[in-house]
Amino acid sequence: MIMETNTLTLQDKIISLKQEKKAVILSHNYQIPQIQDIADFVGDSLELSKKSRDADCRVIAFCGVQFMAETAKILSPMRKVLLPVKEAGCPLAEMITAKDLIELKNKHPDAWVVCYVNTTAEIKALSDVCCTSANAVTVVKNIPVKKVIFVPDKNLGWWVQRNIPEKEIISWPGFCFVHENFSLSDLELARKFYPEAEVISHPECPREVLLRSDFVLSTSGMLKRAKKSDAKRFIIATEEGLIYRLKKENPAKEFYSLGSAKICLSMKRTGLDDLYLALEKEDCQVELAPEIIKKARIALERMVQFT
Ligand code: 13P
Ligand code: SF4
């Protein structure tokens with residue numbers, strides 16, 4: 001535990017250390033409020049990838065989960081990328097191994113492989129193109145072949161297929177434990193109590209929830225929609241961390257989690273103490289083999305070309 005003195009708060013110490021180390025602090029939309037508030041930039045996976053690529057700094061302190069920090073390293077190999085809690089993984093990303101993907105590719109040699117950004121660097125290195133929840137439909141639409149292997153999220157894969165019926169999507173059966181828990185019965189109940197509310201869901205939610213939602217969007221897509229909409233009340237089907245930012249940016253509107261609030265424990269592991277220690281010691285660096293960085297970068301660069 002880092003002790004606060006009377007004169008300097010932990011937040012003050014982080015800010016001065018950040019300046020001394022020429023660091024930039026990036027936070028995903030699901031991080032705890034204290035991390036979101038101290039970050040230089042808060043965003044979804046796509047926005048954070050772009051920020052990592054373009055950041056003018058020596059060090060990137062990435063408050064998120066492993067696959068996000070790895071993506072930052074792939075796009076910014078010359079910078080030190082720190083993941084304050086090295087063990088913060090994404091269970092969805094761990095649902096497919098390199099061996100699984102090689103077998104699938106051998107079965108469908110004529111298909112292109114599209115990997116969701118929620119994958120390990122090794123999986124990205126085996127893929128033709130990467131996508132995020134913000135651009136999955138556009139990326140797949142622009143692929144020059146009909147057959148597409150989509151890994152690892154079955155719900156996002158289904159959503160892409162529904163939006164692009166002309167493609168043949170072979171989807172891996174992975175899912176996010178957090179989003180899989182949103183249910184149609186909770187959605188119907190919310191519609192009954194708040195018939196005027198807008199329901200916005202993340203594409204990792206089960207398909208029956210997606211079908212009954214008003215909008216299916218990435219976390220930053222949700223923020224943009226909430227700002228633009230005339231609705232006063234919103235039912236949100238994604239990890240509860242986003243509700244903090246939605247309320248902060250739209251104080252006159254009301255936001256509720258669909259059903260009970262769903263929490264991604266991996267996203268909540270990073271505290272201010274962890275961030276401070278990461279910046280002080282720089283001992284939680286993301287390290288990837290140069291060969292993996294080179295191959296995975298092709299999939300990430302193609303994502304940008306295809307959108
Ligand atoms: P976004 O890219 O929409 O921020 O989602 C990332 C994620 O992990 C969703 O569970
Ligand atoms: Fe992974 Fe789900 Fe957590 Fe997102 S919310 S980081 S997909 S476990």
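Hydrogens, waters and symmetry mates play no part in the numbers below; they use all other heavy atoms, side chains included. Residue numbers run from 1 in the order of the sequence given. Order of listing sets the numbers, starting from 1, for every ligand and every atom in it. The model shown is predicted, which means the values in this text are computed figures rather than measured ones.
- Side-chain contact of His202 with Thr219: a donor-acceptor pair under 3.5 Å is absent, judged by distance alone.
- Gln11 and Asp37 share no donor-acceptor pair across their side chains, judged by distance under 3.5 Å alone.
- With no hydrogens or angles considered, no side-chain donor-acceptor pair links Asp44 and Tyr30 at under 3.5 Å.
- The heavy-atom pair separating Ala296 from Ile74 by the smallest distance is CB-CD1, 3.7 Å.
- A donor-acceptor pair shorter than 3.5 Å can be found between the side chains of Ser213 and Ser201.
- For ligand 1, the atoms lying closer than 4.0 Å to a non-hydrogen atom of Asn118 are 7 (C), 8 (O).
- Every atom of ligand 1 with a heavy atom of His179 under 4.0 Å away is listed here by number and element: 10 (O).
- The distance criterion of under 3.5 Å between nitrogen or oxygen atoms is met by Ser45 with respect to ligand 1.
- Shown here are the protein N/O/S atoms lying under 2.8 Å from atom 1 (Fe) of ligand 2, water excluded: Cys90 SG.
- Those atoms of ligand 1 with a heavy atom of Glu204 less than 4.0 angstrom away are 7 (C), 9 (C), 10 (O).
- Of all non-hydrogen atoms in Asp153 and Cys176, the two that sit nearest each other are OD1-N, 3.8 Å.
- Below 4.0 Å from some heavy atom of Glu204 lie the following atoms of ligand 2, by number and element: 2 (Fe), 7 (S).
- Scanning all heavy atoms of the two residues, the minimum distance from Glu198 to Ser229 falls at OE2-OG, 2.9 Å.
- Of all the atoms in ligand 1, the ones that sit under 4.0 Å from a non-hydrogen atom of Ser133 are 1 (P), 2 (O), 3 (O).
- Relative to the ring axis of Phe182, Lys262 places its NZ or CZ within 45° and under 6.0 Å from the centre.
- Between Tyr194 and Tyr256, the ring planes are parallel. Angles under 30° get that label, and only those over 60° would be called perpendicular.
- Annotation: atom 5 (O) of ligand 1 to nearest protein heavy atom, His202 NE2, 3.3 Å.
- At a 4.0 Å heavy-atom cut-off, ligand 1 does not touch Glu239 at all.
- Between the side chains of Ser218 and Ser220, no donor N or O sits under 3.5 Å from an acceptor N or O.
- Within ligand 1, counting atoms from 1 as listed, the ones closer than 4.0 Å to a heavy atom of Ser218 are 3 (O).
- If you look at Asp44 next to ligand 1, the close heavy atoms, those under 4.0 Å, come from the backbone and the side chain alike.
- Distance NZ/Lys51 to CD1/Ile60: 11.5 Å, rounded to 0.5 Å.
- Residue contacts with ligand 1: His28 is included, with a non-hydrogen atom under 4.0 Å away.
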